[in-house]
Asker: 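The structure is given below, and queries will be raised subsequently.
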Amino acid sequence: MDKLQIRGGKPLAGRLKVSGAKNSALKILAATLLTEQPVRIDNMPHLNDVTTMIELLGCLGAEVLVDEHLSVEVCAGNVRSLKAPYELVKTMRASFLVMGPLLARFGAAEVSLPGGCAIGARPVDQHLKGFEAMGAEISVDGGYVQGRVRERLRGADIHMEMVTVGGTENLLMAATLADGRTVLRNAAQEPEIIDLAQCLIAMGAKIRGHGTDTIEVEGVEALHGAEYRVMPDRIEAGTYLAAAAATRGAIELIGADAGTMGTVLERLRAAGADVTCGDGCIRLDMHGARPRAVDIDTAPYPGFPTDLQAQFMAMDAVADGEARVTETIFENRFMHVQEMNRLGANIELVNSSTAVVHGVESLRAAPVMATDLRASFSLVLAALVAEGTTVIDRIYHIDRGYETIEEKLSLLGADVARIR
Ligand code: UD1
């Protein structure tokens with residue numbers, strides 16, 4: 001199993017190009033199932049999760065082409081199977097997002113239940129209630145969700161009981177081909193949802209209100225092919241900015257969208273970072289100073305993203321002062337705390353949703369283990385700061401969501417190697 005070996009102590013410095021957003025690319029790939037015509041997707045990140053989604057599309061019968069610019073073209077003209085098997089869904093929860101498109105276009109779908117994962121139970125009840133409200137018959141058998149629609153999904157007024165990104169996206173995709181008008185209330189407002197909606201609109205969907213808590217969709221008979229460019233990854237951008245701040249460095253991100261990162265940039269400024277934004281670029285300079293501790297409260301967009309909680313906690317671990325970190329989205333997203341403490345951090349778990357981070361001057365290398373995707377990078381970040389050589393085991397988690405991590409970090413001057 002691959003490991004990352006990091007010799008810490010160097011400030012990150014240099015320029016970096018931000019990849020396309022994983023959490024948008026995966027949904028846009030699922031959306032290609034809504035049309036029989038080819039959809040070309042540019043700025044696709046090269047990640048294991050993207051490969052998993054492409055494999056799933058292939059197993060349903062879609063043809064996928066990757067060109068020399070690494071753009072992906074999907075043609076779902078000859079879909080043969082409506083079953084998303086356990087082997088693919090279990091490694092990546094986002095696979096469940098093929099359910100909406102399959103139900104909407106083919107009137108049937110059989111998708112493995114994603115089950116729990118390392119960061120919590122993560123049920124899909126809101127997705128299923130929404131499909132039922134649109135007229136689908138849903139049953140669960142042998143770990144699979146079976147969906148059937150008599151003729152065509154019909155538009156419905158759906159109030160989601162909590163803000164769910166995946167639920168909003170699955171129902172949004174389903175609604176594009178439903179008969180009549182769908183209103184999604186208490187919808188998630190994440191930039192990735194706006195990106196998905198814009199791609200669907202480019203495919204001929206009639207959508208209004210994306211980016212607000214009420215999305216209205218007027219169903220159409222069919223969608224058509226399109227070409228779409230995936231938005232920049234705000235989580236990757238925030239991760240490298242936090243790493244630069246923790247190592248007292250200075251970096252410039254190219255191809256980033258500061259407009260989607262308001263709360264994140266505000267927290268970095270509160271930590272003492274000098275942050276400036278230009279056209280598609282974000283610069284951060286610590287001027288050699290230690291970051292100040294900043295409190296973090298995760299919340300649905302436009303609040304602070306849960307996907308950056310662990311990385312900012314790592315920054316707080318070496319900051320001046322004490323910070324309180326509150327996780328409100330997932331019930332078990334503090335597994336990195338134990339590992340960070342092995343590196344000499346002083347983090348106290350107050351309860352399952354609150355941690356108090358007492359900043360320490362420096363961390364010390366130790367063997368640690370990655371636990372989930374974002375938490376893994378928080379260990380990388382801690383290792384970049386630590387004195388000595390840290391080996392991080394189980395980095396397959398990182399490869400799911402961070403493109404060419406060792407190359408990107410090396411470009412910024414870090415001493416990083418992948419070992420077996
Ligand atoms: C997406 C992101 C993930 C991010 C999360 C929150 C992708 C591929 N993943 O995950 O990186 O951390 O948004 O920003 O885009 N819930 C229910 N019932 C449901 C659906 C959700 O109870 O039917 C709960 C979940 O357990 C969780 C909360 O709602 O506690 C938010 O989950 P959700 O927004 O759906 O996250 P994902 O879409 O899975």
Side-chain angles (χ1 to χ4, degrees), residues 20-31 45 47-50 52-53 56 88-100 111 113-133 138 140 145 158-174 184 186-196 213 230-231 233-236 238-239 260-261 263-264 297-312 326-335 352-353 372-378 397-398 400-402:
K22 169 181 90 78
N23 285 354
S24 172
L26 295 174
K27 325 307 168 59
I28 289 176
L29 281 169
L47 301 169
N48 287 354
D49 274 8
V50 167
T52 304
M53 186 58 100
L56 175 55
L88 290 173
V89 182
K90 76 165 188 223
T91 59
M92 187 184 70
R93 189 181 150 83
S95 320
F96 197 72
L97 274 284
V98 300
M99 183 113 200
V111 182
L113 268 177
C117 79
I119 59 172
R122 302 181 82 176
V124 287
D125 55 315
Q126 299 304 308
H127 305 226
L128 302 185
K129 281 184 187 170
F131 294 141
E132 279 175 335
I138 300 286
V140 180
V145 179
I158 300 168
H159 181 95
M160 284 167 281
E161 289 156 32
M162 81 268 303
V163 178
T164 150
V165 174
T168 303
E169 293 165 333
N170 227 344
L171 299 177
L172 171 64
M173 288 189 280
L184 301 175
N186 198 24
Q189 302 175 39
E190 265 64 5
E192 291 76 12
I193 290 176
I194 302 181
D195 212 34
L196 171 64
D213 67 358
V230 175
M231 66 175 277
D233 197 317
R234 65 193 171 102
I235 303 301
E236 187 198 35
T239 299
T260 60
M261 297 183 63
T263 323
V264 174
D297 286 276
T298 66
Y301 193 84
F304 189 90
T306 172
D307 286 352
L308 285 173
Q309 178 254 107
Q311 300 89 314
F312 272 64
T326 311
E327 171 61 53
T328 67
I329 309 289
F330 293 111
E331 67 268 32
N332 185 24
R333 210 169 194 182
F334 279 142
M335 281 168 306
S352 61
S353 61
D372 72 58
L373 169 49
R374 305 301 173 184
S376 311
F377 206 112
S378 72
H397 287 295
I398 301 185
R400 286 187 48 202
Y402 287 98

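Every number for a ligand or one of its atoms is a count from 1 in the order of the listing.
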Asker: Can you check which of Phe96, Tyr301, Phe330 brings a heavy atom nearest to atom 36 (O) of ligand 1?
Answerer: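 Going through Phe96, Tyr301, Phe330 one by one, Phe330 has the nearest heavy atom to atom 36 (O) of ligand 1.
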Asker: For Thr263 and Pro302, indicate whether the former's side chain and the latter's backbone hold a donor-acceptor pair under 3.5 Å.
Answerer: yes
Asker: Show which atoms of ligand 1 fall inside a sub-4.0 Å distance from at least one heavy-atom site of Lys27.
Answerer: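 This gives 7 (C), 8 (C), 15 (O) as the contact atoms.
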Asker: Under 4.0 Å from a heavy atom of Gln126: give me the atoms of ligand 1 that qualify, with their elements.
Answerer: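 Here the atoms of ligand 1 in question are 18 (N), 19 (C), 23 (O).
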Asker: Between ligand 1 and Arg374, can you find any atom pair, the residue atom being a heavy atom, that is separated by under 4.0 Å?
Answerer: no
Asker: Please report the interatomic distance CE(Met231) to CG(Asn23), rounded to the nearest 0.5 Å.
Answerer: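 It is 9.5 Å, given to the nearest 0.5 Å.
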Asker: State the atoms of ligand 1, each with its element, that fall below the 4.0 Å cut-off from a heavy-atom position in Asp307.
Answerer: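 Numbered from 1, ligand 1 contributes 3 (C), 4 (C), 11 (O), 12 (O).
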Asker: So which of Ile235, Asn23, Asp125 gets nearest to atom 18 (N) of ligand 1, if we judge by its closest heavy atom?
Answerer: Asp125
Asker: I need the atoms of ligand 1 closer than 4.0 Å to a non-hydrogen atom of Arg333, numbered in the order shown.
Answerer: 12 (O)
Asker: Atom OG1 in Thr168, atom CD1 in Ile193: separation rounded to 0.5 Å?
Answerer: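 Going from the OG1 atom of Thr168 to the CD1 atom of Ile193 covers 4.5 Å.
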Asker: Of Glu236, Arg374, His397, which is the lone residue that meets side chain to side chain donor-acceptor pair (under 3.5 Å) with Tyr402?
Answerer: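 Going through Glu236, Arg374, His397 one by one, the side chain to side chain donor-acceptor pair (under 3.5 Å) with Tyr402 is satisfied by Arg374 alone.
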Asker: Could you point out which residue of Leu172, Val165, Val98 forms a side-chain contact (heavy atoms from CB on, under 4.5 Å) with Lys27?
Answerer: Val165
Asker: Could you please spell out the steps behind the salt bridge (Lys or Arg N to Asp or Glu O under 4.0 Å) verdict for Asp307 and Arg333?
Answerer: CA-CA 10 Å; Asp307 286 352; Arg333 210 169 194 182; 2.9 Å; yes
Asker: For Leu26 and ligand 1, does the shortest N/O to N/O distance drop below 3.5 Å?
Answerer: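 Checking ligand 1 against Leu26, no N or O pair falls under 3.5 Å apart.
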Asker: Taking both backbone and side-chain atoms of Thr164, is any N or O found less than 3.5 Å from an N or O belonging to ligand 1?
Answerer: yes
Asker: At what distance, to the nearest 0.5 angstrom, does CG of Leu171 lie from CE of Met160?
Answerer: 6.0 Å
Asker: So, is Gly167 polar-close to ligand 1, with some N/O to N/O distance under 3.5 Å?
Answerer: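 No: no nitrogen or oxygen of Gly167 is under 3.5 Å from one in ligand 1.
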Asker: Could you tell me whether Glu169 and ligand 1 have an N or O pair separated by under 3.5 Å?
Answerer: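 By distance alone, the answer is no.
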Asker: Mind checking whether Lys22 has an N or O less than 3.5 Å away from an N or O of ligand 1?
Answerer: no
Asker: Output the list of atoms in ligand 1 that are nearer than 4.0 Å to some heavy atom of Thr306, sorted by atom number.
Answerer: 6 (C), 12 (O), 14 (O)
Asker: Are the side chain of Glu190 and the backbone of Tyr301 linked by a donor-acceptor contact shorter than 3.5 Å?
Answerer: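 Judged by distance alone, yes, a pair lies under 3.5 Å.
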Asker: Which atoms of ligand 1 are found less than 4.0 Å from any heavy atom of Val124?
Answerer: 19 (C), 23 (O)
Asker: For the residue pair His127 and Phe96, does the interplanar ring angle fall in the parallel (under 30°), tilted (30 to 60°) or perpendicular (over 60°) class?
Answerer: perpendicular
Asker: Would you say Glu327 and Thr306 are linked by a side-chain donor-acceptor pair, where the criterion is simply a distance under 3.5 Å?
Answerer: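 Yes, Glu327 and Thr306 have a side-chain donor paired with an acceptor closer than 3.5 Å.
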Asker: For ligand 1, which atoms, with element, lie under 4.0 Å from some heavy atom of His127?
Answerer: 23 (O)
Asker: Calculate, to the nearest 0.5 Å, the distance between atoms CE and CG belonging to Met92 and Leu97 respectively.
Answerer: 8.5 Å
Asker: Kindly confirm or rule out an N or O of Gly166 lying under 3.5 angstrom from an N or O of ligand 1.
Answerer: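 N/O-N/O distance under 3.5 Å: yes.
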Asker: For the OG atom of Ser95 and the CG atom of Asp49, what is their distance to the nearest 0.5 Å?
Answerer: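 Rounded to the nearest 0.5 Å, the OG-CG separation comes out at 8.0 Å.
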Asker: Using a heavy-atom cut-off of under 4.0 Å, does the side chain or the backbone of Leu128 touch ligand 1, or both, or neither?
Answerer: neither
Asker: Against ligand 1, does Glu327 come closer than 4.0 Å with any heavy atom?
Answerer: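 Under 4.0 Å: no for Glu327.
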Asker: Determine whether the side chain, the backbone, both or neither of Glu192 has a heavy atom under 4.0 Å from any heavy atom of ligand 1.
Answerer: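 It is neither part, as no heavy atom is under 4.0 Å.
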Asker: What atoms of ligand 1 come closer than 4.0 angstrom to any heavy atom of Met162?
Answerer: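 Atoms satisfying the 4.0 Å criterion: 16 (N), 17 (C), 18 (N), 22 (O), 29 (O).
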